[in-house]
Amino acid sequence: MDLWLFSTCSHHSRNVYSVLQKVSGQLHSHAERSPGLLVNMVEARRRLTGMATSDLLSMPHNDLLEGAIVLEEFSKEIASVLFAKKTTAMLMLPPLPAIDSGRP
């Protein structure tokens, strides 16, 4: 995976960045209309990680919350891979030329 996935060619093109922006905007819009959504999201995260025992399916907006959490975790994984790839590429400097000290 390379950074071209996040580049913007035109305002009509779809790439990972533009899709994630749209999803994020929709989630924020939905959160403004549903005051308990953020609290429910914290509870959904606890349930998905096994830290809570209540039933995830009984929560309102279950699919939205679960999808948002999975997308967030996936995005963090992709970001860490891209960061490691870029850092590794930056650290791979060409070898220094040999310096002739004039000693035999």
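- Hydrophobic clustering, with ILVMFWY side chains joined whenever heavy atoms are under 4.5 angstrom apart, groups Leu82 together with Phe74.
- Between Leu20 and Leu71 the shortest side-chain heavy-atom distance falls below 4.5 Å.
- Looking at every heavy atom in both residues, Met41 comes nearest to Ile69 through O-CD1, 3.7 Å.
- Between the side chains of Thr49 and Arg45, no donor N or O sits under 3.5 Å from an acceptor N or O.
- Interatomic distance, OG of Ser24 versus CD of Glu72, reported as 10.0 Å (0.5 Å rounding).
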